[in-house]
Asks: 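Attaching a single structure in structure tokens format; questions to follow.
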Number of protein chains: 2
Amino acid sequence: MSQDERKDIHNSDIPLVCQACEVRHQGVCGALEAEQLLKLSKHTIRKVIPSGSELHRGGEDSDRCSNIMGGVAKLSKLMSDGRQQIVGLQFAPDMVGRTFASESTVAVEAATDVRLCSFPRSVIEEIMSEAPELEHRLHLQKLKELDEARDWMLTLGRKSAVEKVASFLFLLATHIDPEKASDDKSVTLELPMKRSDIADFLGLTIETISRQLTNLRKRGLIDIQDRRTVIIADIDRLKSAMEQDLSK
Amino acid sequence: MSQDERKDIHNSDIPLVCQACEVRHQGVCGALEAEQLLKLSKHTIRKVIPSGSELHRGGEDSDRCSNIMGGVAKLSKLMSDGRQQIVGLQFAPDMVGRTFASESTVAVEAATDVRLCSFPRSVIEEIMSEAPELEHRLHLQKLKELDEARDWMLTLGRKSAVEKVASFLFLLATHIDPEKASDDKSVTLELPMKRSDIADFLGLTIETISRQLTNLRKRGLIDIQDRRTVIIADIDRLKSAMEQDLSK
DNA sequence: CGCCTTCTTGAGGGGCGTCAAGCCCAGTGG
DNA sequence: CCACTGGGCTTGACGCCCCTCAAGAAGGCG
């Protein structure tokens, strides 16, 4: 097995599990040398989390981090009386987990089935201290998440219900299969979560989500194939619906 | 000048401007050696930004970053029709600025008079590449901002108007003069911004802010000394008002 | 087919926005 | 000194957007 037919510089000593990894170069692992990948891969577990189950309970400690290989995870916060707010969605190749002990009050749950590459927090932190480039990549990812969180604060604080739903659909269209951003202006969206999750993401109720989806449908902005499949007729018109109240 | 009466290891070669800096050890500069401080200090400008003026216009490029030495800066986002959302407040010793080209669509404005230590982005990024500990500190700060942003998303999406105002007052009480977190349960708050800013921070209108402040006053949770000064009677009662609707 | 969860649609009510009037206070100028 | 002005704030009246409650439709699965 030491005889590898693709014996170029980059692949010779890279763990097989990483060689086969489709998101390695986009994720934080792209910053790692073969030696470090080997170290990390000794502690990794690949697993599939079924839709609806938790990767990390909010408010509890967790000493594991995971790269998302596929699927969608949701980050949520819970109030004592049960009110809930989803504060972010994570897609491949994002890394989830509370590095440096932050993110403690956020729960992580699989929205769809999620494929993970999971490892102990201590190992990734140790490698970070040796490989600044790894911390740099993670830093950049967190800066992106911060930008997205602040974008969403504008949506939560200042947009109407229609605008919120349009913003949600646009977010999905630009994050799921971004390479499939076709030449065409129409996009077929597989909604990765149910109405109650969408409501918790947008700070609305399920009834309002439902009403605004039919509102958008009646205006010809979207077509609803089935409850989980939405066809965006024209992504540009949807984009303009994000800032323009269509309630009247 | 090479003769320094405090010739201990730590201070001998540290620039005078940094020796005098009251937030140096708490801010990101705490990660720097004398040599790096010297390099950075050659490009720093200390200045005071008067309340209301912009440090950075949203959507524009900026090649400067700044440490906040004192005062409060607000980060805001603007929609094309004028709706606005404040997405964060920054206090000393936070660093503001778009390192690694993120944060582009966020405007930074002085809420109060703000004392800054400002330097070019290129210099801080260069030093970061030499000193991973500096990037680590900045990374930790951004993780804290991400946590705060997500906390605030819960506030924006799921809390009632009273709860939002209570949350705002609590946020200020715990961020302004945190050392003055006295033995006493009552806290005198100097509001760093006017009602319209508070409204933009909470996703409400100025009228609602005003009404909910008097609501909290009538319930004995706060005392309003003048329009800019609020006395929190009991910080614990205020905290519980953050999750409990008092509209009835 | 029955049962459960999820979703849609309608009717009614309430919380917050909108509009408007007036107060407070600092700044300015006569 | 006071009148005038203008920005910031408060308070009231009213209306609308979205929540609440409820009923029923649509799937999914044993």
Side-chain angles (χ1 to χ4, degrees), chain A residues 50-53 79 81-85 111-113 155-168 190-218 222-230 241 244-248, chain B residues 50-52 79 81-85 111-112 155-168 190-218 222-230 241 244-248:
Chain A
S51 166
S53 57
M79 288 174 65
D81 59 2
R83 281 177 283 176
Q84 194 172 9
Q85 176 67 45
T112 64
D113 288 355
T155 300
L156 289 174
R158 286 306 185 197
K159 291 188 185 174
S160 70
V162 218
E163 293 171 331
K164 284 182 176 181
V165 173
S167 300
F168 171 71
E190 196 68 18
L191 301 186
M193 53 222 276
K194 52 188 180 182
R195 300 291 185 271
S196 65
D197 284 335
I198 302 176
D200 284 340
F201 192 32
L202 292 170
L204 298 169
T205 59
I206 52 174
E207 295 93 332
T208 300
I209 302 298
S210 183
R211 276 187 258 269
Q212 297 305 338
L213 280 174
T214 66
N215 179 6
L216 289 174
R217 177 173 58 75
K218 286 181 180 169
I222 62 174
D223 195 31
I224 301 178
Q225 205 152 50
D226 65 69
R227 32 182 65 176
R228 283 293 189 118
T229 318
V230 169
Q244 198 170 315
D245 203 330
L246 297 180
S247 59
K248 299 150 192 174
Chain B
S51 166
M79 289 174 65
D81 59 1
R83 280 177 283 176
Q84 196 172 7
Q85 176 68 44
T112 64
T155 300
L156 290 174
R158 286 306 186 196
K159 292 188 185 175
S160 69
V162 219
E163 292 172 331
K164 284 182 178 180
V165 173
S167 301
F168 171 71
E190 195 69 19
L191 301 185
M193 54 224 274
K194 53 189 180 182
R195 299 290 186 271
S196 65
D197 284 335
I198 302 177
D200 284 340
F201 192 31
L202 294 170
L204 297 169
T205 61
I206 52 173
E207 295 93 332
T208 300
I209 302 297
S210 184
R211 276 187 259 268
Q212 298 304 340
L213 280 174
T214 65
N215 179 6
L216 289 174
R217 177 173 57 74
K218 286 181 179 167
I222 63 173
D223 196 32
I224 301 177
Q225 203 150 52
D226 66 69
R227 32 184 66 180
R228 283 294 189 119
T229 318
V230 169
Q244 198 169 317
D245 203 330
L246 299 179
S247 59
K248 299 152 191 179

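Chain naming here is simple, since letters A, B, ... match the order of the sequence lines and numbering starts at 1 in each. Hydrogens, waters and symmetry mates play no part in the numbers below; they use all other heavy atoms, side chains included.
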Asks: What is the minimum heavy-atom distance between B:G157 and A:Q85, and which atoms define it?
Replies: CA-OE1, 3.4 Å

Asks: Got a donor-acceptor pair under 3.5 Å from the side chain of B:R195 to the base of D:dG7?
Replies: no

Asks: Using the closest heavy atom to pick a nucleotide of DNA chain C for each, name whichever of A:K194 or A:K218 lands nearer the 5' end.
Replies: A:K194

Asks: Hey, does the side chain of A:T205 come within less than 4.0 Å of D:dC18's phosphate (OP1/OP2), counting only N and O?
Replies: no

Asks: In whole angstroms, how far is the C1' atom of C:dG17 from the CZ atom of B:R83?
Replies: 13 Å

Asks: A:E207 and A:R195: side chain to side chain contact (heavy atoms under 4.5 Å, CB included), yes or no, with the steps?
Replies: CA-CA 8 Å; A:E207 295 93 332; A:R195 300 291 185 271; over 6 Å; no

Asks: Looking at A:R227 and C:dT6, is any side-chain donor or acceptor paired with a base atom of the opposite kind under 3.5 Å?
Replies: yes

Asks: Return the value, rounded to whole Å, for the distance between atom CG of B:N215 and atom C1' of D:dT10.
Replies: 14 Å

Asks: Once you round it to whole Å, what is the distance between C1' of C:dT9 and CD of A:Q212?
Replies: 13 Å

Asks: In Å, rounded to the nearest 0.5 Å, how long is the span from CG of B:D81 to CZ of A:R158?
Replies: 10.5 Å

Asks: Report the distance from atom CZ of B:R228 to atom P of D:dT10, rounded to the nearest whole Å.
Replies: 11 Å

Asks: Taking only side-chain nitrogens and oxygens of A:T208, does any of them come within less than 4.0 Å of OP1 or OP2 of D:dC18?
Replies: no

Asks: Is there a donor-acceptor pair closer than 3.5 Å between any side-chain N or O of A:E190 and the backbone N or O of A:T229?
Replies: no

Asks: Hey, does B:L204 reach any base, or is it just sugar-phosphate, or nothing, if we go heavy atoms under 4.0 Å?
Replies: sugar-phosphate

Asks: Please determine, for the side chain of B:R211, which listed nucleotide (C:dC16, C:dA11, C:dT18) has the closest atom?
Replies: C:dT18

Asks: Quick one: B:R158 CZ to D:dC19 C1', roughly how many Å, whole number?
Replies: 11 Å

Asks: Report the distance from atom CG of A:L191 to atom P of C:dT8, rounded to the nearest whole Å.
Replies: 10 Å

Asks: How long is the line joining CZ of B:R217 and P of D:dT11, in whole Å?
Replies: 6 Å

Asks: Got A:Q212 and A:F168 here, is their nearest side-chain heavy-atom distance under 4.5 Å?
Replies: no

Asks: Report the distance from atom CD1 of A:I206 to atom P of D:dA22, rounded to the nearest whole Å.
Replies: 14 Å

Asks: Hey, does the side-chain of B:E207 have a donor or acceptor N/O within less than 3.5 Å of a partner on the base of C:dC19?
Replies: yes

Asks: Verify the contact: side-chain N or O of B:S210 to OP1 or OP2 of D:dC9, cut-off strictly under 4.0 Å; return yes or no.
Replies: no

Asks: Between A:I209 and B:K159, name the one whose nearest nucleotide on DNA chain C is closer to the 5' end.
Replies: A:I209

